[in-house]
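Report on the following structure.
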Protein chains: 4
Amino acid sequence: MPKQKTDPQEIVKSALNIFLEKGYHNTSMADIANETGLLKGSLYHHFKGKEDLMKAVISSIHEWYKREIFTIKDEKTFSTDQKIQALIKASEEIFFNRRGGNFMTNIALETLNVVPEFTAMFRAFFRDWIHCVKTVYAEVFPEDEAEQLAHQSISEIEGAVVMMELFNDKNYLRRAHKRIYNRFKSLSSVTK
Amino acid sequence: MPKQKTDPQEIVKSALNIFLEKGYHNTSMADIANETGLLKGSLYHHFKGKEDLMKAVISSIHEWYKREIFTIKDEKTFSTDQKIQALIKASEEIFFNRRGGNFMTNIALETLNVVPEFTAMFRAFFRDWIHCVKTVYAEVFPEDEAEQLAHQSISEIEGAVVMMELFNDKNYLRRAHKRIYNRFKSLSSVTK
Amino acid sequence: MPKQKTDPQEIVKSALNIFLEKGYHNTSMADIANETGLLKGSLYHHFKGKEDLMKAVISSIHEWYKREIFTIKDEKTFSTDQKIQALIKASEEIFFNRRGGNFMTNIALETLNVVPEFTAMFRAFFRDWIHCVKTVYAEVFPEDEAEQLAHQSISEIEGAVVMMELFNDKNYLRRAHKRIYNRFKSLSSVTK
Amino acid sequence: MPKQKTDPQEIVKSALNIFLEKGYHNTSMADIANETGLLKGSLYHHFKGKEDLMKAVISSIHEWYKREIFTIKDEKTFSTDQKIQALIKASEEIFFNRRGGNFMTNIALETLNVVPEFTAMFRAFFRDWIHCVKTVYAEVFPEDEAEQLAHQSISEIEGAVVMMELFNDKNYLRRAHKRIYNRFKSLSSVTK
DNA sequence: AATGAATGAGAATTCATTCAT
DNA sequence: AATGAATGAATTCTCATTCAT
C-alpha cells in the first residue's frame, strides 16, 4: 500500500496531541504512529526517536509562539494596553482551544528532570515569553518593575493552568488573566 | 541474611523520594526496592503494586498536611495574621526542605490522567488545602471573598512552584508568599 | 493471635476444594492458606510444599475410596446386582456431591505429565478402582470378560465426567451409569 | 541477523506442541518463543498474549476439524456405514499421530475455567463434533436416537482418551471405536 | 505451631529501536 | 519512503519457599 508523502509537521501535530492526552511517558511510538496513520517503523524516517520527536514538538510550539504571540510586543500600531489585551486574548485562545500552552506546563513538569535537553528548551521558551511580556510592560513601567511584573504574570498563568488541569475548570485561567489586566491598569494609572 | 522487619512507611518515604527525583513513570519498582534495601518481590508484600504504592505516598503526604498544616486554621491562640504567617512559613519549609510539596504539584501533573484514583486523591488534597486557607481568610473577609482569595493564593503558589522547578530558582516561591501576605495585610486594613 | 491446632486433614480438604475450583497450577499456596485460615508459612509446618500437599490430597481421596467404595466388592450380604447398584449410587453421590471423582479426572489430566509421582498415584487409584469393579463383574462373568467390562465401565464414566465438566450437565453421568447397569443386566441374563 | 518472516501459523503449531507436552500453565512464552526460534517479545507481534495465542491454537484445531473431519458427513458418495468408518479412521489418525485431538481433551480440562472464552471455544468445538456425528446417525436412526448416540459416542471417545492418557495405552481408544462401530451395525440391522 | 516478612527465580508483557524488503 | 517483523532490554508482578520471632 503506497502512502502519500508525509509532512513531518503532521507527525509533530499528532505527537503533540497524544503527548498532551496521555503524557510523555505514557505515550508509545505505536500510539503516535497510530495517530498519524503511519506504522511505527516509518516514524524513524522522519525522527531519530522519541526524544527527537519530542524536541520537534517543543520546538514547533516555541516557533509558533515566536511567530504568532511574541511578535505582539512589536506591533507598531498597538498601545501598551492593546498589546496586553492581545496577549491575554491569545493566551486564552491557546489554552482553551489549542492546548499548546498546557503542553509547555504539563509536559515540561513531567519531563523536566528526565532529559536535560528538554529542560533547556522549556527554559528557552519561558524566557522568551517572559521577555515578550516584560518588553510590553517596559513601555510603561521602569525596567526592573517590568521584569518583576512579567515574571509574576507568567507565574500566575502557570499556576492557573495547573489548577485548571487539576479541577478541570477554565475559570482559574480566566480569573488570572483578569487579575493581570486589572493590575496593569491600576498600576499604570498610578504611574501616569 | 537476617530478615529485618520493614515499616511500610519506610517504603513510602523511599518511594516519595525517588518519585520526586525521577518522576513516577521513570521510577521502576526495582529503583524503589533498591532504595529501601528490599528486593523487588518484597515490595509486593506491603503494596499491591506500583499504583497502590503511589496511592500510599499521596495519602501519606495528605495526612501529614492534615496533621501539621491544615490544623493551623484551628489554632486558638493565633490571630488571623499569625495563622497566615504560620501557613506561609510552613509552606516555605515544606517546599524548600521537605519536597513533599513539589510532589503534589509535579507528580500530580505527571500522573493526573494515569489513573482516575490519583486524580481524585490530588483533588482531595487541594480541596483540603484551599479549605484551610479559606477558613483563615474567612475570619476577616466575607465568605465568598475568602473563597476567592484562597483559590488565588493556592494558584499563585502552584505557579511559583512550576517556575521554581523550571528555573531552579526559589525566589519565585518567596515572592509569591510575600505577595500573598501583603495582599492580606492591605485588604484587611481596608476592611477594618 | 494464637490459633487452634490445625488438623492436616483440614488443610487437605481445603486444598482439594481449591484445586478443583481453580486447577492445580492456578492455585497458589496463598489461596490454600487463605481457605484454611492459616498463613502461607504455616502450611509448611504440615507439608513440605505444594507437591507434597497435592500428593496428600490424591492419597486422601484414594484412601477414602479404598475405605468407602472399593470395599463394596467384599460385602458378603450383597448380590452382584446389589454391588453394582451400590457402586453406581456411590459414584453418583461422589461426583455430584463430593467432587472427589472430578478431581481424579480433571486434576489427573492437568498434572499427568507435570510431576511423575502424581502420574503413579493416579494410576494406582484407577487400577484399584478397575480392580474393584472387575472383581464384582467376575462373580458373574469369566475373568477376561469381567476385566474388559471393568475397563469399559470406568472409561465410560471418565468420558461422562469430561462431558459433564465441559457442558455443565450432570445427565452425561446419569446416562453412563444407566448404560452400565443395563449392560450388566442384559449380559448377565444371557450368561445365566 | 536476518529477519525471517514468520508465518503466524508456525507459531500456533509450535504452541500446540508445547501446550500438549507441558500443559498450558506449565508452558511459558519463553518456551514457545524458543520452539519457534523467535524471541519472547516477537511473539507479541502476532498475538496479544498467551491467552490470545491459546485461542488461536484452539481455533486452528477447530478449523482443521471443520475442514477435514466434519465434512465427512456431507460426502455424497459415502454410505452411512462408510461415513462412520471414515470418522473412526480419522479419529484414530488424529489421536495417534497428530495429537490435536488430545489437546481438545487434556488442555480443555486444564483451562476450562481459566478464561470464559476458552470454555466457549471448547464447547463450540464439541458441539460441532457432536452435530457431525449426529447428522450421520440421523441418516439411519430417528432424530432423537441419533442425538443420543452422538453424545454417547463422543463421551465414549473422551473417556477412552482419558484412560489412554493415564495408562499410556492406545487400546482404550481402539476398543472404544470398535464398540461404537459395532453398536451402529447392530442397531442399524435391527432398524432395517 | 504459627506468623508474616523476606527471598529470588521467573513469569508475562511493553516498547523504543533496527532492518530487510 | 514505507512497511512490519524482529529484537532485546526493561518492567511489573507472581509465587513457592525460607526463616527469625
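Reminder, nothing fancy here: chain letters follow the sequence lines and each chain counts from 1.
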Determine: side-chain N/O of D:S42 to OP1/OP2 of F:dA5, distance under 4.0 Å, yes or no.
-> no
State whether D:S28 places a side-chain N or O below 4.0 Å from either non-bridging phosphate oxygen (OP1 or OP2) of E:dG10.
-> no
Check every strand shown and say whether A:G49 touches a base, only sugar-phosphate, or nothing at a heavy-atom separation below 4.0 Å.
-> sugar-phosphate
Starting at atom CG of D:L38, determine the distance to atom C1' of F:dA5, rounded to an integer number of angstrom.
-> 9 Å
Nucleotide of F:dT12, F:dA16, F:dA6 approaching B:K40 most closely (side-chain heavy atoms) | F:dT12
Return no unless some side-chain N or O of B:H45 is found under 4.0 Å from OP1 or OP2 of F:dT14.
-> no
With a non-hydrogen cut-off below 4.0 angstrom, is B:T36 in contact with a base, only sugar-phosphate, or nothing?
-> nothing
cation_pi(B:K50, B:Y24) dist<6.0 Å, angle<=45 | yes
Atom-pair distance (CG on C:L39; C1' on F:dA20), nearest Å = 15 Å
Any strand, both distances under 3.5 Å, Watson-Crick or G-U wobble: E:dA1 pairs with none
With nearest nucleotides of DNA chain E determined for A:Y24 and B:G41 from heavy-atom distances, which residue corresponds to the more 5′ nucleotide?
-> B:G41
Indicate whether any N or O donor in one side chain lies under 3.5 Å from an N or O acceptor in the other, for B:N17 and B:E35.
-> no
Over how many whole Å does the gap from A:K22 atom NZ to E:dC15 atom P extend?
-> 8 Å
Hey, does the side chain of C:H25 come within less than 4.0 Å of F:dC15's phosphate (OP1/OP2), counting only N and O?
-> no
C:F125: which of C:Y65, C:W64, C:F103 passes ring pair (Phe, Tyr, Trp, His ring centres under 6.0 Å) = C:Y65
If every non-hydrogen atom of C:A33 is compared with every non-hydrogen atom of C:L43, which pair is closest and at what distance?
-> N-CD1, 3.8 Å
Rounded to the Å, how far apart are D:N26 CG and E:dA9 P?
-> 19 Å
State whether a side-chain donor-acceptor pair under 3.5 Å links B:D31 with B:S28.
-> yes
Calculate the interatomic distance between C:H46 atom NE2 and F:dT18 atom C1'; express it in whole Å.
-> 16 Å
Nearest-Å distance, CD1 (D:I11) to P (F:dA5)?
-> 10 Å
Scan every strand shown for a Watson-Crick or G-U wobble partner of F:dT11, both distances under 3.5 Å, and answer none if you come up empty.
-> E:dA12
Round to the nearest Å and state the distance from C:Y44 atom OH to E:dT7 atom P.
-> 17 Å
Taking for each residue the nucleotide of DNA chain F with the nearest heavy atom, is it B:K48 or D:D7 whose nucleotide lies nearer the 5' end?
-> D:D7
Rounded to whole Å, CG of D:L43 lies from C1' of E:dC15 at a distance of 15 Å
Side chain of D:T6 - closest among F:dA5, E:dA16, F:dA16 = F:dA5
